[in-house]
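Letters A, B, ... are given to chains in the order of the sequence lines, protein chains preceding strands, and every chain is numbered from 1.
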Amino acid sequence: MKTIQEIAYHIRIDILKMLNAAGSGHLGGSLDLVEIFTWLYFKEMQHRPKEPDWNDRDRLVLSIGHVAPVLYASLAHAGYFPKEELLSLRQLGSRLQGHPCRNVQLPGIELAAGSLGQGVGVAVGMALAAQHDHSPQRIFCIMGDGELQEGSVWEAFMSAAHYHLNHFIAIIDRNGVQIDGTTEQVMALEPLSDKLKSFGLHVEECNGNDFFDLENTFNHIKSIQNQPIAIIANTKMGYGVPEIEGNNQWHGKVPNNEEVVRFIQTLRK
Amino acid sequence: MKSWSCKALKATKEGFGEGLIIIGEKNPDVIAIGADITASVSVNGFAKKFPQRFYSIGIAEQNGIAIAAGMALSGKLPVFASYATFAVTRALDQIRISLCYNDVHAIIGGAHAGISVGPDGATHQALEDIAMMRVLPNMIVLSPCDATQTKLAVMAAEQCQHPVYIRFGRDIVPDFTDDSMPFTIGKAQCLKEGNHVAILATGHLTWESLQAAFLLEKDNIHARVINFHTIKPIDKQAIIDASTTGLIVTAEEHQTAGGFGSAVAEVVVENCPTPMLMIGVHDRFGESGPSQVLMEKFGLTAVSIAQKIKTALSKQ
Ligand SMILES: [Mg+2]
């Protein structure tokens, strides 16, 4: 039985190999979300990889479709589809489209996403349906921090609070960067926690690259009633590969053949 | 030949509301999502009858469509209705990706379609919604001709497996079809035979086109009138058959560019090149005024349609 750290380590290796093979894609965010995805798929969520449409499953809704590699690698490691398929990312005919797609029959994909600020509203819709059906399922919505600049995000938060959707858990990848620079340069988000609280969300902050912190946070939110939850997960873009950590140049870049070897050799364990 | 008579004057939006209640009774998964103008778009009847299945999301159309997509992905059949200008234009990105790319079964009701909306003026008169909806893969586009048919359209939409857009109007108009007329998505209805010209009409302009055809009979012009309650998937065969008359006229309360007329023209140029006359709104916004006066001004009444057809035929 692999430890959660070992699983994360191997998911990172696959992400690096996938993006190298694909020749395009988004490395930085995919890497910094590995702990969160690993925690959700291997510890937190009620789900059945061999029965992906199980009605009462918890749902992971990826609102930032550009980090599809971490979703695909996590799903494959969790047993939704063969890991061999990972290297087909972005190729013609692949089920692993550049951004997640539902009509290619890839098990485990909850929705197609790629236009920022939409998945969160979809997640609210799923949480409303869960509440309507008195289902225990929880909806984990993975969001970017730059994405919070979309107005539709705040419409979604407002409605989640209005309906007291404690089935809804937004996990914000607070890596502080986006394509044009830092979020505070491009369009400031701070004071983020206050903004979220004022919209009626229960807010937690944690280190999104630390399993112990994630465990504590996810355990803590189980006691929250009648309120949607936002977890500001502070991460470092590119986390795991010391050479590129915190460098937003790697938001939309992929490793070449030499880099992929070097990055894997220097991966944090 | 069947002659059509007006049973009552009734807004097509009323048919939408009636249809919603019917599918709500039949299907417990039907959920309505309201965006503040619930009564104005005829969702209030459903909300009153099934309060547990009505969710108000406020003035937030993008969120309304995204929530609809989420509900549909969780096994519900959501119905989101608002004015077509807002439901469609404001939320186009959400419709494109969250509804259409995911290919979920959801219904969008687009109210206040066309210039017959009247006094509210251009901001509220949807004249581009057909164009925007019909280019989206997986989307089904319905544009029923009267209140009874709008009710049947909702019932047909409940049976689909894809996103469905239903367009309807605000003003009272003749209700002339009946429940016994089968509503099959993608199947146009020939309401009047004729072989001198074929009028292909949709929405409110189907009634006007029928009246135009009877006016033309006085001049011994036999016009065929075909009702296209479905704009996508379009009934190709009905268009190809209509081309044998030698003149295809399209009639819609919408921009001709990209709208129903364009949809027909796409079939015509590929399959049966035939002269066409497109009646509709030509690259301009609407304006305020009484509904009937606007219809006259924009040349969308029976008299105007008949006149345009006579002119077109005289040039042939
Ligand atoms: Mg970021």
Side-chain angles (χ1 to χ4, degrees), chain A residues 52-63 65 97 99-105 109-135 137-139 141 150-163 165 167-168 199, chain B residues 24 27-36 50-80 82 86 90-108 136-139 161-163:
Chain A
D53 295 329
W54 172 45
N55 201 41
D56 279 339
R57 70 189 181 279
D58 290 338
R59 286 154 168 81
L60 187 149
V61 174
L62 183 60
S63 197
Q97 293 287 296
H99 293 77
C101 169
R102 266 183 67 83
N103 46 26
V104 287
Q105 316 301 328
I109 302 295
E110 298 290 0
L111 90 154
S115 176
L116 299 175
Q118 284 196 35
V120 56
V122 177
V124 171
M126 289 178 177
L128 259 184
Q131 185 189 65
H132 186 86
D133 289 342
H134 307 289
S135 163
Q137 68 188 254
R138 296 190 292 168
I139 316 298
C141 181
E150 292 279 6
S152 55
V153 167
W154 300 91
E155 293 183 8
F157 286 159
M158 200 188 293
S159 58
H162 180 82
Y163 285 105
L165 295 177
H167 300 254
F168 172 87
F199 268 68
Chain B
N27 183 346
D29 287 330
V30 173
I31 286 180
I33 300 169
D36 199 44
F50 309 105
Q52 306 302 322
R53 288 197 266 147
F54 172 76
Y55 288 95
S56 162
I57 54 95
I59 306 167
E61 294 79 14
Q62 299 174 57
N63 196 38
I65 293 289
I67 283 178
M71 286 185 164
L73 287 165
S74 287
K76 304 296 174 202
L77 172 48
V79 181
F80 176 76
S82 183
F86 311 138
R90 186 59 162 266
L92 187 55
D93 189 23
Q94 279 79 2
I95 294 173
R96 175 174 178 261
I97 294 181
S98 291
L99 285 190
C100 292
Y101 190 40
N102 280 317
D103 196 11
V104 295
H105 184 198
I107 298 173
I108 304 175
L136 295 173
N138 297 326
M139 181 64 93
Q161 301 293 323
H162 302 282

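In this structure, no portion of A:Asp53 lies under 4.5 Å from any heavy atom of chain B. Proximity to chain A (any heavy atom under 4.5 Å) is shown, for B:Arg96, by neither the backbone nor the side chain. Interface remark: A:Ala123 contributes no atoms to any contact with chain B (heavy atom separation under 4.5 Å).
Rounding to the nearest 0.5 Å places CG of B:Asp93 at 4.5 Å from CD of A:Gln118.
Taking every heavy atom of both residues into account, A:Ala161 and A:Phe199 meet most closely at CB-O, 3.2 Å.
The residue among A:His132, A:Arg59, A:Gln137 with the most heavy atom pairs within less than 4.5 Å of chain B is A:His132. Among A:Asp133, A:Val120, A:Ile139, A:Val61, the residue making the largest number of heavy-atom pairs under 4.5 Å with chain B is A:Asp133. Here B:Ile97 is the residue among B:Ile65, B:Ile59, B:Ile97, B:Ile31 with the most heavy-atom pairs under 4.5 Å with chain A.
Within a 6.0 Å sphere centred on CZ of B:Arg90, other residues, nucleotides and ligands contribute 12 heavy atoms or fewer.
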Worksheet entry | Derivation and outcome, ring-ring contact (aromatic ring centres under 6.0 Å, His included), residues A:Phe168 and A:Tyr163 | CA-CA 10 Å; A:Phe168 172 87; A:Tyr163 285 105; over 10 Å; no
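Formation of a donor-acceptor pair under 3.5 Å by the A:Asp58 side chain with backbone atoms of A:Arg138 is found in this model.
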